[in-house]
There are 2 protein chains.
Amino acid sequence: MAKTERNKEQTKQKFIDAVSKIIVRDGFKAIGINTISKEAGLDKVLIYRYFDGLDGLLHAFAKQKDFYINISEEIYKSIENASKDDVKQLVVVVLNNQLRELRSNKELQELMLWEMIERNELTIAIAKEREKKGYELSKKLKEKMNIPDAELDVDAIMSILVSGLYYLALRSRTVDVFNGVEIDTNAGWLRIESAIQTIVNNLFNSIN
Amino acid sequence: MAKTERNKEQTKQKFIDAVSKIIVRDGFKAIGINTISKEAGLDKVLIYRYFDGLDGLLHAFAKQKDFYINISEEIYKSIENASKDDVKQLVVVVLNNQLRELRSNKELQELMLWEMIERNELTIAIAKEREKKGYELSKKLKEKMNIPDAELDVDAIMSILVSGLYYLALRSRTVDVFNGVEIDTNAGWLRIESAIQTIVNNLFNSIN
DNA sequence: TACTTTTGTCACCAGTTAGTGATATAATTT
DNA sequence: AAATTATATCACTAACTGGTGACAAAAGTA
């Protein structure tokens, strides 16, 4: 018999990795004490010992990853330095950036779907964090644009546009056409990105 | 013992009603052979006999209900009779109509979430039907507006807006604020409806 | 070396799932 | 009234779920 290496931290990491693998491969629905321990090749009792149960493990998992849509430092700087005229284009860039990030990140997609279905300690915490980050970005853009609240409800408008992109990205997991747009091809997604461009342009024309 | 009434059709209906009740009360996640038979107060073996299993029952359930967002005859007629100038306002009415319908229909919400999570015979069929109906309506509006495809990608724009409303309605089940908009209050939803108005107005201003 | 603690495995529990074969009883036909 | 068919119940299976107590073996300490 080869002697078994024993290392608590390494073992804990194996469980966290197993969670990630299962989510990416089979979706959040497949997450459970048994599936995880099987995937990790370790006994499930360790999940109770090291993480105090499934909730604790999921928390450790969430802590280790960034589960809000990542806003690059680059974009943040662009906003700081942007002139008022550039901001319109920046809004488009930010929106399309979020779309691409979500489309390419299967783990994030699953997490967002999970948030929509189940309300547990984990999903609530993650959703709250993302809402905070997203809203901060939104506020920064709004300030730059310098539009009086009375004139244009930028928050409400942005919430519709962001939601639209979220939905389309998540929907494309299980469907190939939405309202005549092929969301399973690059050509389709280019149409969506152009549409965002069009909407934003026309919106702020009336102001600028 | 009170004699048990025996009536196949009535019994089948009881199962279908049970499916509906469970979905509304506990969500699609709770659907299963055991929960349904328990809710119906009947033996689960009847589900196999009368519907050839869960899939068959769900099919019967879906057939009996309208699982696409209902477009009232009234609105259809309005579109037919609308002048070119009215159409812009009609788009707003149709969008806000869909939002209200979805917000008030818990069963529909659950079905739409289900479609996003699982790809089975039922969810595929329902989604396909809704896509068809929705796209028909969209095409009707587009024709009326008489905008050349080259000028404005109406399908893509509408897909973003409709998606946005879908997402917000579904998200409001588990979250109370999105991008600073309170989607758990009427005031918040009024902001969303106004934002739709704003977006559509600005979009088609450039054309008309 | 002998003892203790940490790390990991194994075997089992009670509860739930989908699915089925045998049986009882109501309704219909002969 | 007797026989047949349709309708519904019951009791069971095998596989899975989350959860736990008893044990084994490695690592650290006296």
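Every chain is numbered from 1 and lettered A, B, ... according to where its sequence line falls, protein lines coming before strand lines.
Atom P of nucleotide C:dT7 and atom NZ of A:Lys12 are separated by 10 Å, given to the nearest angstrom. Between the P atom of C:dT7 and the NZ atom of A:Lys14 lies a distance of 14 Å, rounded to the nearest Å. One can place CG of A:Leu46 at 15 Å from P of D:dG21, the figure rounded to the nearest angstrom. We find that NZ of B:Lys29 is positioned 14 Å from C1' of D:dT17, with the value rounded to whole Å. Following rounding to the nearest Å, A:Asn7 (CG) and C:dG8 (P) show an atom-to-atom distance of 7 Å. In this structure, B:Ile47 places its CD1 atom 16 Å from C1' of D:dC10, rounding to the nearest Å. Atoms NZ (A:Lys38) and C1' (C:dG8) sit 19 Å apart, rounded to a whole Å. Distance B:Arg6 CZ to D:dT7 P: 9 Å, rounded to the nearest Å.
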Using a 4.0 Å heavy-atom cut-off, write out nucleotides 12-22 of chain C from 5' to 3' as B (base contacted by protein), S (sugar-phosphate only) or - (no contact). -----BBBBB-
Distances for protein N or O near nucleotides 28-30 of chain C N or O, under 3.5 Å:
none

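Sorted by first and then second residue, the pairs that involve residues 22-47 of chain B and meet ring pair (Phe, Tyr, Trp, His ring centres under 6.0 Å), not counting sequence neighbours, are B:Phe28-B:Trp114. The ring pair (Phe, Tyr, Trp, His ring centres under 6.0 Å) analysis of residues 39-64 of chain B, with sequence neighbours excluded, yields the pairs B:Phe61-B:Phe67.
Although no hydrogens or angles enter the test, the distance criterion places a donor-acceptor pair under 3.5 Å between the side chain of B:Thr123 and the main chain of B:Glu118.
By the side chain to side chain contact (heavy atoms under 4.5 Å, CB included) test, B:Asp176 pairs with B:Asp184, sequence neighbours left out. For B:Lys44, the salt bridge (charged side-chain N to carboxylate O under 4.0 Å, His left out) test picks out no residue, with sequence neighbours left out. B:Asn96 meets the side chain to side chain contact (heavy atoms under 4.5 Å, CB included) test with B:Val92, B:Glu193, B:Ile196; sequence neighbours excluded. In this structure B:Lys133 satisfies the side chain to side chain contact (heavy atoms under 4.5 Å, CB included) test together with B:Tyr68, B:Glu129, sequence neighbours excluded. With sequence neighbours excluded, the residues satisfying ring-ring contact (aromatic ring centres under 6.0 Å, His included) with A:Tyr166 are B:Tyr167. With sequence neighbours excluded, the residues forming a side chain to side chain contact (heavy atoms under 4.5 Å, CB included) with B:Asp26 are B:Ile22, B:Ala30, listed by chain and number. Residues forming a salt bridge (charged side-chain N to carboxylate O under 4.0 Å, His left out) with A:Arg103 (at least two apart in sequence, or on another chain): none.
Between its opening and closing five pairs, the helix from C:dT1-D:dA30 to C:dT30-D:dA1 changes axis direction by 20°, a value rounded to 10 degrees.
Phosphate contact (OP1/OP2 of C:dT6, side-chain N/O of A:Tyr50, threshold under 4.0 Å): absent. Here A:Thr11 reaches the OP1 or OP2 of C:dG8: one of its side-chain N or O atoms lies under 4.0 Å away.
Of the N and O atoms on the side chains of B:Asn97 and B:Glu101, not one donor lies less than 3.5 Å from an acceptor on the other residue.
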